[in-house]
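A quick write-up on the structure given underneath.
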2 protein chains.
Amino acid sequence: MASIKDVAAEAGVSAATVSRVLNSHPSVSEEARTRVLAAVEALGYRPNAVARSLRTAQTRTLGLVISDVLNPYFTELARFVEEEARALGYSVIIGNADERPDLQDHHIRTLIDRRIDGLLVSPADGGSPLMRDVALSGTPMVFVDRWIPGIDVPVVRADGTGAVKDLVAHLHGLGHRRLAIIAGPAATTTGNERVEAFRAAMRELGLALPDAYIGQGDFQAASGRRATERFLALAEPPEVVFAADNLMALGALDAIRAHGLRVPDDIALAAFDDIPWFVHTDPPITAIAQPTADLARAAVRALADLIEGRTPQSVTLPARLVVRRSSGGAATNQRSDR
Amino acid sequence: MASIKDVAAEAGVSAATVSRVLNSHPSVSEEARTRVLAAVEALGYRPNAVARSLRTAQTRTLGLVISDVLNPYFTELARFVEEEARALGYSVIIGNADERPDLQDHHIRTLIDRRIDGLLVSPADGGSPLMRDVALSGTPMVFVDRWIPGIDVPVVRADGTGAVKDLVAHLHGLGHRRLAIIAGPAATTTGNERVEAFRAAMRELGLALPDAYIGQGDFQAASGRRATERFLALAEPPEVVFAADNLMALGALDAIRAHGLRVPDDIALAAFDDIPWFVHTDPPITAIAQPTADLARAAVRALADLIEGRTPQSVTLPARLVVRRSSGGAATNQRSDR
DNA sequence: ATCATGCGTGTAATCGATTCCACGGCGTCG
DNA sequence: CGACGCCGTGGAATCGATTACACGCATGAT
């Protein structure tokens, strides 16, 4: 593979001049420029990004560590992150933590070793010492979706409080009083916040939320199934199950179906995170939709701001309720409004 | 960030010795080794992967270029690819082409510029000149799922011929005679092969496959919707629609529902690529399942073989039919067998 | 005529690692 | 007792770029 020296030799100039042409430095004669460009063309030369990074101490690469690529919400987030990063001239390396703190640490370490310019993280846990160190070490870092209290970096996320309140009101309006929730891991902010928003909304309407109606999940389908089975085994099972993410909703649907019950007639269902498939499930699932594309864009911009020395902003965008058949409200098989 | 020189100074040895310790070179005294390790610990030193890559001319990184991350089949593939690569000591950088040849080229170029050790590609088109050049240039490369005829690199893929034949026989057994297919782009091998397998299976049973029953899609949901609408507008619409990937099946379901028709009573549906959501759609969708994890592992191993100087093997694994309600066969709401 | 200015260019240092080569010291063998 | 070999180590070259600095030459001002 041709190096800058080969190009220099071919063009009859020094490597310095080639570099200047490639970085559009002003003081290069028109003649040298054309000769260099011709040589570049002739040799099919492409600058070695590794060497360039070593010298300039920047890689024009962002790291994105997400908790679970198989979760369509995060896949979508990753897609938009890459899109915005590309527009800003960065590449993205994705690390999938599979909700495992050890894997998360592995990826963070690898990314740092590669000297990525900045890190976008949706932490899988309450905060490994490593993450704290990285943040303190001055590596530009932004949290997206989930964050870790006590680590002082910008956070870009959706606020579901309003939408959860709308959801509870909607269900209450349909006559439901016994609402249960499948929570995410307590170590994640999204796990806690969604339960708290739910609890607050219930209290506001004078509804009780007994402990038995709070299932512990881990954002994976299997845990949604288990939690739902426990609900159904209660002497007085809930009339509604609200899953704190889309995969657990899938598990809940599984469990409900396995018990021969119908949604929404026997039990209603709703989920946090809206995904395209929810329009096509049986029945279509009522969900709280996050503005994924906007979150991704805001997160990348905040990170780029941090990297390039500007002052980044934390951003919170509202989520919104999308009512479908599974909650019992929308009787008609309406088209999705996504 | 501490460099090897800082460690050397701290340990009172030369950088060469530090390097030898870190790469477990045999000829280092026990005393030097412990002093170096202590210094590494004290400084929290981590080797700079960029510098190392420049010197050793290898990055221990694989590039994976897929046609569409939002397609659950590819997301799953990517996940398993990363898993196997990690086991073999490689990192993976994913490039999402969004079924766009220009984006595909962008990612390939970026990955080559970063001097990845090898490239795993599921080409979005029939073969850009760039891909041909890269293959010829000697960059280790393996095709996965889709490939490009005429480019001589190993191919790891699933063979759906048998499963498509099973599917057609299954539908024929249910009394269906008018079967339509929504094809993928003719520029992709998977696009063509699936149509050919379908055509062959039909011929074998003495069934006609008129041109009007071959819809042109692009592996995206919208194209599945359009193709299905054209089918439904025919004087004699098909009794079955077979979509060549899961997203187009989703579009087909949309279109069928918009026409107020029921699956499978009014029209049956089947898809290539099985995904977890197909169990939960209304109705559950009959699909042809690929052994995604095995494909990913085989592809990574073939690429590692190529990189490390061993002789790689092309691999073809069989896909298999999973019958669910959408084809009209499985009357019961059976549990998924995934 | 002289000197400052500036432009285009090349030389060389540098980034952080790896690795070839040489050197000093010690043990072994003839 | 001298020569040889081996072991542990450090010096220095190297990978492929970027960039500070210096130099030569032309131009313009004084």
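Note: hydrogens, waters and symmetry copies are ignored here, and every other heavy atom, side chains too, is used.
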Expressed in angstrom and rounded to an integer, what is the separation of [X] atom [atom1] from [N] atom [atom2]?
X: B:His25; N: D:dG8; atom1: NE2; atom2: C1'; result: 9 Å
X: B:Leu22; N: D:dT9; atom1: CG; atom2: P; result: 15 Å
X: A:Arg55; N: D:dT14; atom1: CZ; atom2: C1'; result: 16 Å
X: A:Leu54; N: D:dT18; atom1: CG; atom2: P; result: 11 Å

Residue closer to the 5' end of DNA chain D, B:Arg20 versus B:Arg115 (nearest nucleotide)
B:Arg20
Pairwise 5' ranking along DNA chain D for B:Gly12 and A:Ile4, keeping only the more 5' one
B:Gly12
Are there any protein N/O atoms within less than 3.5 Å of an N/O atom in nucleotides 4-7 of chain D, and if so, which ones and at what distance?
none

Tell me what [X] touches on the nucleic acid: a base, only sugar-phosphate, or nothing, going by heavy atoms under 4.0 Å.
X: B:Val50; answer: nothing
X: B:Ser3; answer: sugar-phosphate
X: B:Ser19; answer: base

Using a 4.0 Å cut-off on heavy atoms, which residues in residues 28-43 of chain A reach DNA chain D? List them by number, or say none.
none
Is a donor on one side and an acceptor on the other found under 3.5 Å between the side chain of A:Asp6 and the backbone of A:Ser3?
yes
The test is side-chain hydrogen bond (donor to acceptor under 3.5 Å, both in side chains); show your working for B:Glu82 and A:Asn96 and say whether it passes.
CA-CA 9 Å; B:Glu82 193 277 334; A:Asn96 171 33; 5.5 Å; no
Along DNA chain C, 5' to 3', what are the outermost nucleotides having an atom less than 4.0 Å from a heavy atom of chain A?
C:dG8 to C:dG16
Quick one: do B:Arg100 and B:Asp102 make a salt bridge, cutoff under 4.0 Å?
yes
Testing the 3.5 Å rule here: is there a donor-acceptor pair between the side chains of A:Gln220 and A:Asp68?
yes
